[in-house]
Amino acid sequence: MQEASESFTNGVDWSNSAEPTSHCWLPYSSETSSTSRLCACILCKNRKSTSDFPLIQCATCLLIVHATHLSELEESTTTDHHRIPPCRPSFVDNNIADNVDMHDQHYWSHVSTLSTPCTYCKRKSSDGLVCMWCSRSYHRQCWENIKDNEENSKCDYGKFSNIIVRPQWLRRVDDSPFGFRAQMPAYVEINDTSLTPVIFFINKLSGGQKGQEIYRMLVRILNPRQVFFLENDSTITRALNIYASLTNTHICICGGDGTVGWVLSHLVDTFPALKNPPASILPLGTGNDLSRVLCWGYQYASGQLLKTLSQIPHAHPTILDRWRIHIETLETNSSNDESLNRHRSFFSFIDQPKFIQNADQPMYENHHTPINMFFFNYISFGLDAAVVLDFHARRTRDSSKFTSPLKNKLMFIKESRKYFNEFAFGIAWNLGSYIRLICDDQDMTESIRHCHSLVLLNTRGFGAGTHPWGGTSVNTVPSQTIDHSDDDSSNHDVTQSTINHFEAQNFGDEKVEVLGLNTMQMALIHIGFRGTRIAQCRQVRIELSHPMPAHMDGEAFYLARSTAINITHAGQVMVLRNDNR
Ligand SMILES: [Zn+2]
Ligand SMILES: [Zn+2]
Ligand SMILES: [Zn+2]
Ligand SMILES: [Zn+2]
């Protein structure tokens, strides 16, 4: 029985056997439903749920049935499909005649009590009809009285009409490997920007159970075929292929920085020349740096989903750079080791920072290669990355200790204490001994002589909400700027003229900001101060003479031998900035 229930509870059916009125089955959960928990199949003998006969529920129309009825239907030779009522249509079959009259009709659900007043007589209480698109309700008799008026019978899709993918825009086609294609019908004006259908990508593992909750909410209020659970690359490829020809499509990525980077990279590769549907973000991760930068919020709060849905159509399209890292192995340079030994003799209490000595630690074993080769926010090397890497390695080994945002914070503080010596005796070591920094073919190693972290920034956001480059970004909404760089006393060595030769930060200018942080600045950036600006350039080469931890868009990894990292510009993507918060 269990097997049967699982094979039918995968959400939207995209197979060849899908019908326009197919349901979107998910396991039944009493917490997510206020409806009765009885099977709706008209031939059912015992309509209750038992362990042998579990119930499943359609996330769109909230219908509940026993999972077994679906396998009975599949095996049955008769075409008796009326045993289970149909769902709200989600697409049209190409072979059905293009009948304009069947479009934009209310889709009624029968309810025992109207929860909102009848649209016609303004009274509540007795049973009636509720439209599953626009949420309008009528008493059955009231509807009978007015339904022949054409204006009344037409559904306007309610509050979210501008972002809903209407069933008649999505067709089954034979000439695509994905079986479906979305397109606006001829009668919709090509310049009509009031319609901005939104495609959702949801990481179901993000934010505890939040991903699941958001999925259930979206497939109920929108067309379930515009909502995708992210499973693998082909989920994204299929969705982008189906919706590539739909005019004015927008995208919303629900997840953390990793998820956002994953989908954005697909957009860069699929749509050259900034032709991609612009993407917004619903932040479900822990850092959410890009979401902060684009003003979609720093953490998901309940109720935020509906607000975000109404903000997406009014958000401002803007260009975001993508950067590629290419890692090559370096021949070990013995002269570097000599300089290290000399350096060591002066400060016997700290030989080398711990993260340099840790080359063969088994705890880093699973973190030797970055998950992907692109970043949209930042990459950093040195002490900051070491703390993040230890935190991630610990979380991989011992996930039970990392179950809430507060516990995560406490564990982060615990991991950073391991580097007490490196923080306290920062004067005894610096990154210049281990890193050679080349910005646009110019050797800038001298500028990191007093630094303990090296940071390359694309956007202004780094490490969950800090802005270490400082100053106003071209991409900033005016109310967003809080900057103490004028009273920053940690930059006495940088003259006013060198500060001024930098341009305002812009995440679409094909330049990356390079800056250094000493241990003091690593603390001060959290209260609005900035780091030491080094360069704004088009390519960076970083040669590591020793093993080194790195931190890229929320993911940390350990480069266990001498390597060179070449960082180059790798395309651009249209994203949406939410100016209406
Ligand atoms: Zn049943
Ligand atoms: Zn349904
Ligand atoms: Zn309606
Ligand atoms: Zn009424």
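In this text the structure is predicted, and so the values were computed from the model without any measurement. Atom set for the values below is all heavy atoms of this structure, side chains included, hydrogens, waters and symmetry mates excluded. In each ligand, atom 1 is the first atom listed, and ligand 1 is the first ligand listed.
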Closest approach to the Zn ion (ligand 3) by His106, given as the N, O or S atom name: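 Distance check against the Zn ion (ligand 3) picks out ND1 in His106.
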With under 30° as parallel and over 60° as perpendicular, where do the rings of Trp25 and His23 fit, or are they tilted in between?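 Tilted.
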Using 30° and 60° as the class limits, which term best fits the ring planes of Trp14 and Phe228: parallel, tilted or perpendicular?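 The rings of Trp14 and Phe228 lie parallel, inter-plane angle below 30°.
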Does the ring centre of Tyr138 sit less than 6.0 Å away from the ring centre of Tyr120?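 No; Tyr138 has its ring centre 6.0 Å or more from that of Tyr120.
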Would a distance-only check, ignoring hydrogens and angles, find a side-chain to backbone donor-acceptor pair under 3.5 Å from Asp257 to Asn288?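 Yes, Asp257 side chain to Asn288 backbone: donor-acceptor pair under 3.5 Å.
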Cation-pi check, Lys204 to Phe229: give yes when NZ or CZ is under 6.0 Å from the six-membered ring centre and within 45° of the ring axis, no otherwise.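 Yes - Lys204 lies over the ring of Phe229, closer than 6.0 Å to its centre and within 45° of its axis.
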Cationic tip of Arg322 above Phe375 ring, under 6.0 Å, 45° of axis: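 Not flagged: Arg322 not positioned over aromatic ring of Phe375.
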Environment of the Zn ion (ligand 2) in terms of protein N/O/S atoms, cut-off under 2.8 Å: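 Result, waters dropped: His23 ND1, Cys58 SG, Cys61 SG, Cys87 SG.
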Under 2.8 Å from the Zn ion (ligand 4), which protein N, O or S atoms do you find? Ignore water molecules.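 As for protein N, O or S atoms lying under 2.8 Å from the Zn ion (ligand 4), they are Cys118 SG, Cys121 SG, His139 ND1, Cys142 SG.
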Answer with yes or no whether the side chains of Thr60 and Arg220 bring together a donor and an acceptor at under 3.5 Å.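 Result is no, nothing qualifies.
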Judged by modelled atom types alone, do Trp323 and Asn458 share a side-chain donor-acceptor pair under 3.5 Å?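 Their side chains do contain a donor-acceptor pair, which is all the 3.5 Å distance test asks for.
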Nearest 10° is fine: what angle sits at the Zn ion (ligand 3) between SG from Cys131 and SG from Cys155?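 Centred on the Zn ion (ligand 3), the SG/SG angle is 120° (to 10°).
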Going by side-chain hydrogen bond (donor to acceptor under 3.5 Å, both in side chains), Thr235 matches just one of Asp233, Asn232, Thr237. Which one?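 Exactly one option meets the side-chain hydrogen bond (donor to acceptor under 3.5 Å, both in side chains) with Thr235, and it is Asn232.
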I need the Tyr378 OH to His551 NE2 distance, nearest 0.5 Å.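 One gets 3.5 Å once the value is rounded to the nearest 0.5 Å.
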